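Heads up: the structure comes next, in structure tokens.
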Amino acid sequence: MEQEVRVRIGPSPTGDPHVGTAYITLFNSIFAKQRKGKLVLRIEDTDRNRSKLEWENMICDSLKWLGLDWDEGPDCGGPYGPYRQSERGDIYRKYAEELLDKGAAYRCFCTSEELSEIRTAQRAAGSPLGYDGRGRDLSEAEIQANLDAGKPYVIRLKVPRPGTTTVNDALRDPIDFDNGQIDDQILLKADGMPTYHLANVVDDYLMKISHVIRAEEWISSTPKHVLLYDAFGWDKPVFMHMPLLRNKDKSKISKRKNPVSINYYREAGYLPDAILNYLGMMGWSMPDGEEKFTVEDMLREFSPERISLGGPVFDVQKLTWLNGLYLREESSDALLATIKRELLSDEKLAQVVPLVHERMEKLDDFISQTAFFFIGDLSYDEAAMKAMVPKKRTPKDARANLEALVEKIDTLGELTTESAKASLDAVMEENGLGPRDILLPTRIAVTGTKASPPLFETMGVLGKEKVRRRLRNAIAALKALPS
RNA sequence: GUCCCGUUCGUCUAGUUGGCCUAGGACACUGGCCUUUCACGCCGGCGACAGGGGUUCGAAUCCCCUACGGGACGCCA
């Protein structure tokens with residue numbers, strides 16, 4: 001009997017909804033639907049320090065906005081739950097114990113400090129980085145003594161050495177790894193939570209995942225997963241590693257060099273269908289070469305053989321062209337509805353009106369005074385550029401200050417009046433700046449002009465994506481100035 | 001540094017069972033047409049098989065080496 005196709009996506013709720021997540025979700029979704037299989041959404045929130053429910057919700061909302069949906073997940077349940085890894089701790093601990101019993105794993109009592117010392121030494125010596133296995137062969141007595149002493153420990157995979165581990169990837173030739181090259185990966189952290197590697201293998205097994213479609217960055221840790229499947233005696237899923245989305249300079253797509261938040265694209269006026277279409281042509285193409293296609297077209301024509309492995313550069317310009325195609329083919333009525341929903345919603349207008357209310361003399365002042373809330377990127381005229389550099393400061397200083405602010409805002413879940421104020425205050429405090437060093441430059445960067453509504457409220461209404469994008473643009477513009 | 005993956009126009013790609021490839025399309029750029037203007041649309045231009053060795057009658061397509069790019073090397077995922 002043919003095994004049911006079950007695939008999964010495992011976003012980690014530690015940041016804004018990422019285009020890379022949407023990209024991988026698209027291909028998983030297409031693959032599953034095409035084979036009458038199921039797509040599982042599993043929240044990989046084993047990093048307790050960085051995971052937030054707020055982000056989980058944002059990720060789900062974004063995917064749904066794009067029109068991507070799943071069959072099983074924390075929101076809709078399913079037969080193999082819970083679908084949040086933070087709620088599956090006991091399961092992982094049980095399997096980690098099993099590995100211990102089988103001799104495929106061991107307790108390691110090394111401290112974090114000890115480990116970073118090892119790494120530093122290795123780096124200095126130019127030798128391969130990785131755990132040196134010093135805790136591998138502790139005697140029963142030593143282990144018991146450590147346990148009795150209440151020393152914290154982690155559980156590590158005991159990679160069989162010597163040996164070779166082969167990874168089969170549906171898109172590539174078999175890949176051989178020398179086991180000497182594979183680290184004794186930590187499986188269970190000192191806080192009792194599993195690392196990605198353990199959680200993934202255990203969950204994929206328990207959730208009956210048949211195909212693992214994920215990004216290429218995982219190839220080098222796949223042998224660890226293979227070793228785990230073998231240690232448990234489980235069948236392995238089919239691995240399929242998609243090429244990585246890239247920045248212009250070919251590095252892995254990142255927020256410093258590219259807008260990567262789905263929220264950004266939403267707020268910048270892109271349509272879900274256009275985004276999905278564009279993502280679909282990253283590493284894949286229609287047999288007839290057609291570049292404009294729908295998810296239904298993809299469903300009909302998708303085949304893994306047509307995936308090309310070179311890492312595609314995410315080109316916003318081409319996305320924009322595609323988006324224009326979609327926009328223009330809508331009827332005016334439909335477009336009107338879209339504009340009212342995404343751009344000029346009552347909700348949005350209700351936020352904006354109070355901010356300009358008291359400075360209005362004629363109704364149409366509203367348009368000129370609030371245009372910057374609605375348009376995408378701003379351009380800065382000469383006066384604006386000049387005013388972004390505070391007196392007695394250089395453009396370089398101005399850039400550094402705005403940069404500090406961007407970084408602060410990046411750590412925020414949502415930008416609100418309060419968090420905007422807090423961020424600005426923190427940047428001033430941490431960098432020894434006065435209000436004049438940062439407030440006016442920020443105002444101009446964010447609104448394009450010296451005269452605008454109260455800054456914190458304005459930033460809150462503009463939202464995180466527009467604010468950080470504009471700050472980045474302002475920083476880039478300042479670079480052109482002689483320092 | 002070590003291991004791994006990848007490599008066709010600036011970018012996304014077609015090409016996959018070697019000949020139909022003097023390498024096709026799209027974005028961008030650019031010339032023109034249409035148009036009161038702009039945009040759309042249409043027509044044209046620019047522009048690539050990383051390099052070197054093989055194998056073969058014949059290689060973008062197969063093999064090897066080199067180069068370059070990227071990824072991984074976390075008690076992050």
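Quick caveat, the model's predicted, so the values are computed rather than measured. Below, chains carry the letters A, B, ... as their sequence lines are ordered, and counting in each starts from 1.
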What is the distance, to the nearest angstrom, from the CE atom on M282(A) to the P atom on U13(B)?
5 Å
Once you round it to whole Å, what is the distance between P of G70(B) and CG of N247(A)?
10 Å
Are S331(A) and D333(A) close enough that a side-chain donor and a side-chain acceptor fall under 3.5 Å?
no
Looking across every strand, which nucleic acid part, if any, lies under 4.0 Å from L319(A) by heavy atom: base, sugar-phosphate, or nothing?
nothing
Checking all strands, does G324(A) fall into the base, sugar-phosphate, or nothing category for heavy-atom contacts under 4.0 angstrom?
nothing
Roughly how far apart, to the nearest Å, are U13(B) and C49(B) at atom C1'?
13 Å
So what does E291(A) touch, heavy atoms closer than 4.0 Å: a base, only the sugar-phosphate, or nothing?
base
Please determine, by modelled atom types, if S254(A) and N247(A) share a side-chain donor-acceptor pair under 3.5 angstrom.
yes
Pairwise C1' distance for G45(B) and U37(B), with rounding to whole Å:
26 Å
Euclidean distance, atom CG of residue L157(A) to atom C1' of C75(B) [Å, nearest integer]
15 Å
For L244(A) and A77(B), give me the distance from atom CG to atom C1', rounded to whole Å.
13 Å
If we take the C1' atom in both A48(B) and A60(B), what is their distance in whole Å?
10 Å
Using only side-chain N and O atoms of K189(A), determine if any of them is under 4.0 Å from OP1 or OP2 of A77(B).
yes
Of A77(B), U2(B), C27(B), the nucleotide closest to the side chain of Q181(A) is U2(B)
Taking the side chain of V313(A) as its heavy atoms from C-beta onward, which of A14(B), G71(B), C12(B) lies nearest to it?
C12(B)
For Y153(A) and F109(A), take the angle between the two ring planes, folded into 0 to 90°, and tell me which bin it lands in: parallel under 30, tilted 30 to 60, perpendicular over 60.
tilted
Which listed nucleotide (C5(B), A28(B), C12(B)) is nearest to the side chain of I219(A)?
C5(B)
Closest to the side chain of D47(A), out of U11(B), G6(B), A77(B), is A77(B)
Give the rounded distance in Å between these two atoms: OH of Y92(A) and P of A77(B).
11 Å
Using Watson-Crick or G-U wobble geometry with both distances below 3.5 Å, tell me the partner of G6(B), or none.
C68(B)
Listed nucleotide nearest any side-chain atom of S285(A), set C3(B), U16(B), U13(B):
U13(B)
Does S112(A) place a side-chain N or O at less than 4.0 Å from the phosphate oxygens OP1/OP2 of G74(B)?
no
Check whether any side-chain N or O of R119(A) sits under 4.0 Å from OP1 or OP2 of C73(B), and answer yes or no.
no
Of the options C4(B), G41(B), U16(B), whose atoms approach the side-chain atoms of E305(A) most closely?
U16(B)
Using the P atoms only, state how far G6(B) lies from G10(B), rounded to an integer number of Å.
23 Å
Any-strand Watson-Crick or G-U partner of G74(B), both distances under 3.5 Å
none
Distance between the P atoms of C33(B) and G71(B), in whole angstroms?
47 Å
For Y278(A), answer base if it contacts any base atom (sugar-phosphate contacts may also be present), sugar-phosphate if it contacts only those atoms, and nothing otherwise; contact means non-hydrogen atoms under 4.0 Å.
nothing
Check every atom of C5(B), G71(B), C12(B) against the side chain of I175(A) and return the nucleotide holding the closest atom.
C5(B)
Check every atom of C12(B), A72(B), C40(B) against the side chain of K252(A) and return the nucleotide holding the closest atom.
A72(B)
Mate of A26(B) where both pairing distances stay under 3.5 Å, Watson-Crick or G-U
U11(B)
Under a 3.5 Å threshold, yes or no: a donor from one side chain and an acceptor from the other, between T320(A) and N323(A)?
no
In terms of relative ring orientation, are Y278(A) and F314(A) parallel, tilted or perpendicular, with 30° and 60° separating the classes?
perpendicular
At under 4.0 Å between heavy atoms, what does T46(A) touch on the DNA or RNA strands: base, sugar-phosphate, or nothing?
sugar-phosphate
For R246(A) and G6(B), give me the distance from atom CZ to atom P, rounded to whole Å.
12 Å
Using atom C1' of each nucleotide, how far apart are C75(B) and U16(B) to the nearest Å?
45 Å
Any base atoms under 4.0 Å from R172(A), or only sugar-phosphate, or nothing? Heavy atoms, all strands.
sugar-phosphate
Verify whether the ring centers belonging to Y265(A) and W65(A) lie closer than 6.0 Å.
no
Regarding the side chain of E217(A), the nearest nucleotide among C75(B), G71(B), U2(B) is G71(B)
Touch class at under 4.0 angstrom, heavy-atom based, for M193(A) against every strand present:
nothing
Aromatic centroids of Y83(A) and W70(A) separated by under 6.0 Å
no
Nucleotide A77(B), atom P - distance to NZ of K52(A) in whole Å
17 Å
salt_bridge(K38(A), E72(A)) N-O dist < 4.0 Å:
no
Side-chain N or O of R306(A) less than 4.0 angstrom from OP1 or OP2 on U13(B)?
no
Can you tell me the base-pairing partner of C33(B)? Count Watson-Crick or G-U wobble geometry only, both distances below 3.5 Å, and say none if there is no partner.
G41(B)
Phosphate OP1/OP2 of C73(B): any K224(A) side-chain N/O under 4.0 Å:
no
If you compare every side-chain N and O of K318(A) against the phosphate oxygens of U13(B) (OP1, OP2), does one of them come in below 4.0 Å?
no
Taking only the C1' atom of each, what is the distance from C29(B) to A67(B) in whole angstrom?
30 Å
With RNA chain B as reference, determine whether G10(A) or F177(A) sits nearer its 5' end, using the nearest nucleotide of each.
F177(A)
Got R472(A) and R256(A) here, is their nearest side-chain heavy-atom distance under 4.5 Å?
yes
Need one value for G310(A): base, sugar-phosphate or nothing, where a base atom within 4.0 Å counts as base even if backbone is also close, heavy atoms only.
sugar-phosphate
Just name whichever nucleotide pairs with C49(B), Watson-Crick or G-U, keeping both distances under 3.5 Å, else none.
none
Without decimals, in angstroms, what is the distance between L335(A) CG and A39(B) P?
20 Å
On RNA chain B, compare the nucleotides closest to R328(A) and P243(A); which residue's is nearer the 5' end?
P243(A)
Minimum-distance nucleotide (side-chain atoms of L309(A) versus G6(B), U11(B), A77(B)):
G6(B)
C62(B) and U8(B): how far apart are their P atoms, nearest whole angstrom?
14 Å
